[in-house]
Amino acid sequence: SGNFHGSSPVRNTGETAAGGRTDTSCCFATPTRFPTVSKGVAGSLAEKCRGHPAFEWWAAERRESPACALARGLPTIHSAFGEYTMHKLIEKLVAGGVVVTDGGLGTQLQARGLPVNACTEQWNLSDPEKVEEVARAYVEAGSQIVLTNSFGANRFVLGRHGLGERVAEVNRAAVEIATRAAAGRAYVFGSIGPTGVMIMMGDVSEEELREAFLAQAKALAEAGAAGLAIETMSDVNEARLAVSAAADTGLPVVACMVYG
């Protein structure tokens, strides 16, 4: 799972944070056209919004950087990007301070027998009880949000394992498993990770990429996810397409970028 920290109001209980191998940041905001912004995009938005009286007041009053002010959710910002407001669910979550999410899933499943380089998401169909066991352990440890086992459940990644035609099934199972584990004690957010194909290399078009993210996002939403998490993206364009597609579901969207 992604490691949410830095200026973000969300903390992650995962092993990555302890290992210090990656540095990611997650920003909450729900704009009219882009419901969630990554750290990099938040910085860009901050530059666009710099000088707006309300934005400057918020940053000065809270003694926060512009990007952090955006992450925490300015009541309303009118900018070239549209009108930005925080989603009600995210507002509720961060109102109490730090929000604790879950941690590594793949490593925990490997400890339970998942072969290295195997399709983690396939276990939603073949070994759902083991996936549920991990999610339940995180809930019992205090996680307020658990992510579904669907990080690579898009048609590109699943296609490499012969599951390209079972996107809806795999994502639906992921939500059902996490929901059982949460048992009303935590929110279930659908995990959406990178596809592994690159626009800049001509592997795929933006339209094809967005369609793949939309198919996954819709499957997660229809299965009952409370929100969607665009995880550990390294390509800003891919993150933008994923966020745009996820926005079509009407669910709150969280996005994070990996850097360093």
Are [X] and [Y] in one and the same hydrophobic cluster, where Ile, Leu, Val, Met, Phe, Trp and Tyr link if side-chain heavy atoms are under 4.5 Å apart?
X    : Y    : answer
V167 : V131 : no
L220 : V157 : no
L228 : F156 : yes
L241 : L214 : no
I230 : M198 : no

Task: CD (E129) with more than 12 external heavy atoms under 6.0 Å - done: yes
Task: Flag if over 12 foreign heavy atoms under 6.0 Å of NZ, K218 - done: no
Could you tell me if the side chain of [Y] sits less than 4.5 Å from the side chain of [X], heavy atoms only?
X    : Y    : answer
I177 : T148 : no
N237 : L209 : no
H161 : R166 : no

Task: Worked verdict on V99 versus I90 for side chain to side chain contact (heavy atoms under 4.5 Å, CB included) - done: CA-CA 10 Å; V99 178; I90 302 302; over 6 Å; no
What donor-acceptor contacts under 3.5 angstrom involve side-chain atoms of residues 188-197, with partners at least two apart or in another chain?
unit_1: S191; atom_1: OG; unit_2: E231; atom_2: OE2; d: 2.4
unit_1: T195; atom_1: OG1; unit_2: V197; atom_2: N; d: 3.3
unit_1: T195; atom_1: OG1; unit_2: E238; atom_2: OE2; d: 2.8

TODO: Provide the closest heavy-atom pair for G106 versus L114 in the form atom of the first, atom of the second, distance.
DONE: O-CD2, 4.4 Å
